[in-house]
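Read the numbers this way: they start at 1 and go in the same order the structure lists the ligands and their atoms. Any value given below was found using the heavy atoms of this structure, including those in side chains, with hydrogens, waters and symmetry copies removed.
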Amino acid sequence: MSALKYEIARDLARTHTQTEYTELSRALLAERYPLRQPKAFVHTYGCQGNVADSERIKGMLSAMGYAFTETSEEADLVLFNTCAVREHAEDRVFGNVGALKPLKAEKKDMIIALCGCMMQQPHVAERIKQSYPFVNLVFGTFAIHRVPELMYRVLRGGKRVFEIAETQEAAPEGLPVKRDSLFKAWLPIMYGCNNFCSYCVVPYVRGRERSRAPEAVLAEAKEIIAGGAKEITLLGQNVNSYGKNAEHGVNFPKLMKMINDLPGDFRIRFMTSHPKDCTKELLDTMAACEKADRHLHLPFQSGNDRVLKEMNRGYTRKAYLELIRYARRVMPDLSITSDIIVGFPGETYEEFRDTVSLIEEVKFTSLFTFIYSPRVGTRAAAMPDPVPYSEKSRWFSELLKVQEGIAAERCAHMLGNTYEVLVENETKEGCGMLTGRTGGNINIDFPGDKLLIGTFCRVKVTGAKNWLLTGELSD
Ligand code: 5AD
Ligand code: SF4
């Protein structure tokens with residue numbers, strides 16, 4: 001028996017640490033691919049929380065010896081990190097997994113793995129088990145830190161691996177991270193959600209709120225800054241409840257101030273803020289932190305009090321508008337964005353019009369607008385939902401039209417002004433055009449050298465066509 005095979009046989013009788021599993025997987029991969037490095041394609045669906053998780057998964061895969069590719073055809077491991085927030089996101093995943101079947105038939109050695117929010121739902125894991133026999137590995141959000149062990153069990157051969165743990169541990173620390181961008185970094189400060197908005201699946205698939213220790217967040221922030229980050233986005237489903245009930249007494253505003261006080265030339269952003277926990281202390285702290293972007297993403301979901309109550313949101317239209325008024329008082333140049341759900345079960349057209357009137361009153365910079373999608377196990381999924389989808393689509397278009405008008409007006413106001421932007425990349429069209437984002441989270445396209453990507457530049461707005469802004473470098 002080879003030393004490796006002996007180690008595998010021994011493994012059946014004991015468990016290892018994740019570091020040991022990383023080494024064991026590395027050895028199995030070296031045996032499987034003696035002449036080249038194996039390649040992984042990690043594809044992420046959904047929110048920035050998933051993007052941050054994927055960066056940790058890639059860190060663990062990299063430690064096992066994987067290189068990375070952007071196509072399934074080139075990959076020895078295809079891993080989809082999935083999103084469950086709406087049905088459309090789930091349908092895309094099922095479609096894309098199905099599309100891998102012929103490839104897998106050709107490349108028997110290829111490993112197909114699925115993880116993330118969708119997989120944390122037992123009915124989805126069961127459907128994969130029954131209908132997608134070519135999928136080798138499925139794991140939920142609670143098992144991310146165990147990727148080395150799960151991959152080892154797959155590489156060792158034998159049964160397919162399904163790991164949908166029901167218990168969540170404390171926020172995992174010490175995982176390696178392979179960041180997609182050096183200048184734009186995601187920094188998770190908490191995981192999970194306790195709010196149980198009646199339409200939302202997140203509390204079921206991400207578990208209860210778990211905040212990272214302030215020392216761990218600060219250590220990662222320092223590492224990111226040392227690596228050249230120009231923008232740090234603090235992530236959590238509800239960052240405003242960071243540190244709640246913890247002994248250290250560091251709440252979200254205090255944490256933001258601590259990061260703001262770290263030396264370096266970088267911006268701080270955060271998402272998502274829940275209006276019910278958005279305090280004056282937070283808005284005052286933002287105003288006092290010179291590195292905090294003048295951007296607040298504050299989802300209001302609906303402008304009607306009855307619907308808000310049915311959604312279990314915990315605030316009223318009036319309270320939301322008061323918050324906005326206060327935020328603008330302390331930060332007059334604040335850019336505000338929001339999330340909206342159209343067609344919540346039982347919502348009437350008149351109630352929907354309250355959402356439109358709130359948009360007209362606040363004049364958001366931009367909106368993420370969704371048609372309600374029923375989610376298994378949520379309270380709203382059991383509510384009567386008499387309005388047909390086609391009708392909700394009409395309301396949706398009506399709302400978008402109003403928002404387009406507001407955005408065009410805002411863009412026209414920006415004409416002639418100069419903004420500091422963080423240059424993100426070339427525009428899709430190329431032709432020497434770059435795109436940069438202002439502190440208010442507004443994109444401006446301008447001609448410039450690719451070398452400017454990842455730096456701050458001052459750009460004067462010279463063109464505003466509907467909601468698209470163009471400009472030129474200014475000194
Ligand atoms: N249907 C439609 N939109 C939803 N969102 C969350 N759950 C649902 C659902 N079931 C939206 C909310 C949330 C955003 C991330 O996704 O607007 O703020
Ligand atoms: Fe979902 Fe509400 Fe939690 Fe946001 S705050 S993740 S919408 S339950």
Side-chain angles (χ1 to χ4, degrees), residues 44-53 82-92 116-118 120-121 123-124 141 168 188-211 233-242 244 252 270-278 296-304 307-315 320 323 336-347 352 355 358-359 364 366-383 385 387 389 392-393 395-396 399-400 403:
T44 310
Y45 299 80
C47 68
Q48 276 74 18
N50 262 13
V51 174
D53 281 348
T82 63
C83 167
V85 83
R86 281 171 295 276
E87 194 178 2
H88 177 68
E90 294 201 340
D91 288 346
R92 268 177 53 217
C117 293
M118 211 175 140
Q120 190 64 46
Q121 304 175 101
H123 72 278
V124 173
T141 55
Q168 47 194 295
I189 62 168
M190 60 187 300
Y191 301 95
C193 180
N194 287 355
N195 291 316
F196 289 93
C197 300
S198 62
Y199 51 81
C200 188
V201 78
V202 169
Y204 302 91
V205 294
R206 288 257 169 201
R208 296 295 66 72
E209 281 174 8
R210 285 146 288 151
S211 293
T233 305
L234 308 176
L235 294 177
Q237 297 300 337
N238 177 11
V239 290
N240 297 337
S241 52
Y242 174 83
K244 235 181 200 171
F252 182 57
F270 57 91
M271 61 186 2
T272 293
S273 253
H274 193 307
K276 84 176 162 57
D277 302 311
C278 180
L296 181 65
H297 183 63
L298 198 64
F300 73 92
Q301 312 296 359
S302 163
N304 177 273
V307 176
L308 283 173
K309 193 148 193 278
E310 287 298 304
M311 286 179 163
N312 191 31
R313 289 291 288 175
Y315 54 86
Y320 183 84
L323 261 181
I336 304 172
T337 57
S338 199
D339 292 350
I340 292 170
I341 296 178
V342 172
F344 181 80
E347 184 177 50
F352 157 74
T355 296
L358 194 145
I359 291 170
F364 294 93
S366 56
L367 292 174
F368 298 88
T369 323
F370 310 102
I371 295 183
Y372 168 73
S373 168
R375 305 285 64 214
V376 173
T378 59
R379 209 153 57 73
M383 294 178 183
D385 189 4
V387 177
Y389 193 83
K392 294 182 183 182
S393 298
W395 300 359
F396 185 78
L399 188 146
L400 288 193
Q403 178 57 22

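Within the 4.0 Å heavy-atom criterion, neither part of V201 lies near ligand 1. Looking at P299 against ligand 2, nothing comes within 4.0 Å, counting heavy atoms. Contacts with ligand 1 closer than 4.0 Å are made by side-chain heavy atoms of I341 only, the backbone lying farther away. In Y199, the parts holding a heavy atom less than 4.0 Å from any atom of ligand 1 are both the side chain and the backbone.
The protein heavy atom nearest to atom 16 (O) of ligand 1 is R86 NH1, 2.8 Å. Looking only at protein heavy atoms, the nearest one to atom 18 (O) of ligand 1 is D339 OD2, 2.6 Å. Closest protein heavy atom to atom 17 (O) of ligand 1: Q301 OE1, 2.7 Å. At the top of the distance list for atom 9 (C) of ligand 1, counting protein heavy atoms only, stands S373 O, 3.6 Å. What sits closest to atom 6 (C) of ligand 1 on the protein, heavy atoms only, is V85 CG2, 3.5 Å. Looking at atom 7 (S) of ligand 2, its nearest protein heavy atom turns out to be Y199 OH, 3.4 Å.
The CD1 atom of I359 sits 5.0 Å away from atom CZ of F300, with the distance rounded to the nearest 0.5 Å. With rounding to the nearest 0.5 angstrom, the CE atom of M383 is 4.0 Å from the OG atom of S198.
With respect to Q301, the side-chain contact (heavy atoms from CB on, under 4.5 Å) criterion is satisfied by exactly one of D339, V307, I340: D339. The residue from T272, D277, N194 that alone fulfils the side-chain hydrogen bond (donor to acceptor under 3.5 Å, both in side chains) condition with N238 is D277.
Which parts of ligand 2 touch C200 is read off a 4.0 Å heavy-atom cut-off, strictly below it: atoms 1 (Fe), 6 (S), 7 (S), 8 (S). Close contacts between ligand 1 and Y372 involve ligand atoms 1 (N), 2 (C) [criterion: under 4.0 Å to a heavy atom]. In the vicinity of N195, heavy-atom distances shorter than 4.0 Å reach the ligand 2 atoms 5 (S). Numbered from 1 in the order shown, with element, the atoms of ligand 2 that lie under 4.0 Å from a heavy atom of R313 read 2 (Fe), 7 (S). Ligand-side atoms of ligand 1 in range of I371: 2 (C), range being under 4.0 angstrom from any heavy atom. Near H274, meaning under 4.0 Å from one of its heavy atoms, ligand 2 places the atoms 5 (S). For ligand 2, the atoms lying closer than 4.0 Å to a non-hydrogen atom of P203 are 8 (S). Every atom of ligand 1 with a heavy atom of R375 under 4.0 Å away is listed here by number and element: 10 (N). Listed by number with element, the atoms of ligand 2 under 4.0 angstrom from any heavy atom of Q237 are 6 (S).
Ring-centre distance between H297 and F270: not below the 6.0 Å cut-off. A ring-centre distance under 6.0 Å is not found for F396 and F370.
Looking at every heavy atom in both residues, G343 comes nearest to K392 through O-NZ, 2.7 Å. Residues A381 and R375 approach most closely at CB-O, 3.4 Å, considering heavy atoms.
Taking the centre and axis of the six-membered ring of F196, the NZ or CZ atom of R379 falls outside the cone set by 45° and 6.0 Å.
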Go through the steps for S241 and E209 under the test side chain to side chain donor-acceptor pair (under 3.5 Å), then give the verdict.
CA-CA 8 Å; S241 52; E209 281 174 8; 3.0 Å; yes
- Query: Going through the distances and angles, do S273 and N240 end up as a side chain to side chain donor-acceptor pair (under 3.5 Å)?
  - Reply: CA-CA 6 Å; S273 253; N240 297 337; 3.2 Å; yes
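Look at V202 and you'll find every heavy atom at least 4.0 Å from all atoms of ligand 1.
Distances from atom 1 (Fe) of ligand 2 show that C193 has no N/O/S atom below 2.8 Å. Contact annotation: C197 places an N, O or S atom under 2.8 Å from atom 2 (Fe) of ligand 2.
Considering only heavy atoms from C-beta on, V342 stays 4.5 Å or farther from Y372 through its side chain.
Between the side chain of Y320 and the backbone N or O of L298, at least one donor-acceptor pair lies under 3.5 Å.
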